[in-house]
Amino acid sequence: MRQTRPPQTEPRAVPRWRAAGVRAVLGAVAGLALAGSAVLPAAADPVDPVDPVDPVSQDRTECPAGAVVTVDAHPDDDLFFQNPDVLDSIHAGQCVRTVYVTAADAGEASSTWYWQSRRTGVQAAYAHMAGVEDRWTTTTRTFADRTAEVATLDAAPRISLVFLQLPDGNLDGSGFPAHGHQSLQKLWQGDLPTLQTVDGTQRYGRDDLLATLGALITSQGATTVRTLDFAGTYGDGDHSDHHSVGYFTRLAQQRSAPGARLVGYLGYPGADLPANVDGDPLDRKWSAYLQYARWDWKECSTRADCEAPGRPEAAWMRRQHTVTTPEPTPEPTPEPTAPPTQVPVGSVNVAGAASVQASSQDWSTGQSADKAVDGVVDGYPGDFGREWATVGGGVGSWLSLSWGSAVRVDRVVLFDRPNGDDEVVSGRLVFSDGSVVPVGAVSAAGTVVSFPAVSTGSVRFEVTGVGPSTRNVGLAEIQVWTP
């Protein structure tokens with residue numbers, strides 16, 4: 001959304017809303033009131049662990065044309081910057097899920113009406129693009145231990161919208177007083193440890209948000225992931241939330257679904273590039289936006305209003321430009337790599353996105369299984385809290401990594417515990433299809449195990465031989481690399 005104009009203290013007059021739309025908003029307000037009566041748990045709901053209410057992710061056979069997950073900062077980012085691609089996906093019969101990371105509250109401190117109204121508006125736009133009645137079923141679902149509201153279009157259940165409700169970070173990433181000057185930019189750069197949702201029900205750390213976005217991508221079985229500009233930099237004229245969402249989404253896609261096609265779209269700076277949307281695609285794009293605009297009193301509500309001199313919306317509508325730079329997403333805390341001569345440039349370590357289990361782990365010292373994928377190669381006599389160690393484990397010990405969907409990998413890098421006594425002298429890698437790759441002695445400096453690329457939902461490292469002084473076998477780190 002646009003943040004270049006000061007917030008209005010009084011909303012402008014809006015058209016009479018249809019009864020169905022009013023009922024939808026009243027339902028949303030009632031739901032918020034109920035949510036406000038108690039703090040929702042951050043952990044997964046044990047009563048509904050598989051979320052059967054969502055027909056899109058429940059039955060992927062309903063998506064023969066492919067599945068698209070779009071991750072945006074605000075409701076209207078897709079309508080301005082990613083259309084007509086959104087329209088084309090809907091008309092091609094693809095499963096379409098759009099995730100809105102912020103509530104797009106624009107710092108409104110007086111009430112929740114504004115961001116709830118924007119949600120209703122974007123639902124109206126998607127129903128219009130699908131050519132069906134604007135009726136939705138909204139449920140609360142769990143993704144990587146965080147809950148989110150999912151609205152599914154009743155007459156076209158392959159279309160769904162997800163609302164995470166983090167605070168709008170303001171154009172420059174400074175945040176707004178209404179929510180303690182929180183912003184996604186501050187979370188990405190490490191200036192804030194967590195962000196609280198605008199309804200106060202949940203907190204997201206950096207890794208929590210990455211895991212949630214990864215789960216949203218994999219639960220949909222995405223073949224294409226769309227997001228905002230992940231190649232630009234803060235301060236280049238785009239909204240801070242646009243870049244932050246692009247950075248988070250690209251890293252989440254790399255970790256959770258590296259085989260999916262990733263597309264980034266330019267935001268505000270795209271207006272400086274040549275117009276490339278006209279004719280019928282432009283008319284359809286305007287038609288969808290204007291359905292939304294009836295609910296957003298901070299934006300222009302007619303085509304003539306939007307095309308008035310000095311307004312940027314018409315320029316955005318006539319353009320759709322994708323990111324072309326090959327530069328990687330800047331990451332404040334880069335993941336360590338294996339020796340550069342042995343891991344090709346462009347490979348991605350997907351171990352951090354896996355669920356981890358082990359034959360045993362020393363919880364009392366913090367040497368748990370997940371420390372083998374924490375991105376830090378260390379252990380006793382250095383930082384013992386960064387390694388996985390078994391409790392009395394030797395031959396027969398194992399560590400298993402699993403993903404929500406298959407990943408394509410062609411090498412694993414193993415780092416032995418660095419203490420010199422606990423040694424892995426042989427082992428093997430077992431993949432979900434039953435194939436096995438033997439492993440020789442594992443070095444604390446890193447042992448690269450290469451093999452023909454395989455698509456697998458899991459990889460299990462089994463210890464078949466240990467040194468004579470071994471008491472608690474384990475690993476300082478395991479990396480699993482894509483081609």
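Asp78 has its side chain out of reach of Arg226: every pair of non-hydrogen atoms, C-beta onward, lies at least 4.5 Å apart. In this structure, Val459 and Val430 have side chains that are not in contact, with every pair of non-hydrogen atoms separated by 4.5 Å or more.
Among all heavy-atom pairs drawn from Pro258 and Val350, the shortest one is CG-CG1, 3.8 Å. Scanning all heavy atoms of the two residues, the minimum distance from Gln182 to Leu195 falls at OE1-CA, 3.2 Å.
Looking only at distances, no side-chain donor or acceptor of Gln165 sits under 3.5 Å from a matching main-chain atom of Thr102. In terms of modelled atom types and a separation under 3.5 Å, the side chain of Thr322 and the main chain of Gly264 share no donor-acceptor contact.
Remark: the Thr147 side chain and the Thr142 side chain contain no N/O donor-acceptor pair separated by less than 3.5 Å. Checking Gln82 against Asp77 by side-chain atom types alone, no donor-acceptor pair falls below 3.5 Å. For Ser89 and Gln94, the side-chain atoms include at least one donor-acceptor pair closer than 3.5 Å. Looking only at atom types and distance, the side chain of Thr365 has a donor-acceptor partner in the side chain of Gln367 under 3.5 Å away.
Ionic pairing of Arg118 and Asp76 is present here: one or more N-O contacts between side-chain nitrogen and carboxylate oxygen are shorter than 4.0 angstrom.
Within 6.0 Å of CD on Glu462 lie more than 12 heavy atoms contributed by other residues, nucleotides or ligands.
Taking the ring axis of Tyr380 as reference, the NZ or CZ atom of Arg417 does not stay both within 45° of it and closer than 6.0 Å to the ring centre.
Using cut-offs of 30° and 60° on the angle between ring planes, the pair Tyr268 and His242 is perpendicular.
Aromatic ring centres of Phe81 and Tyr265: separated by at least 6.0 Å.
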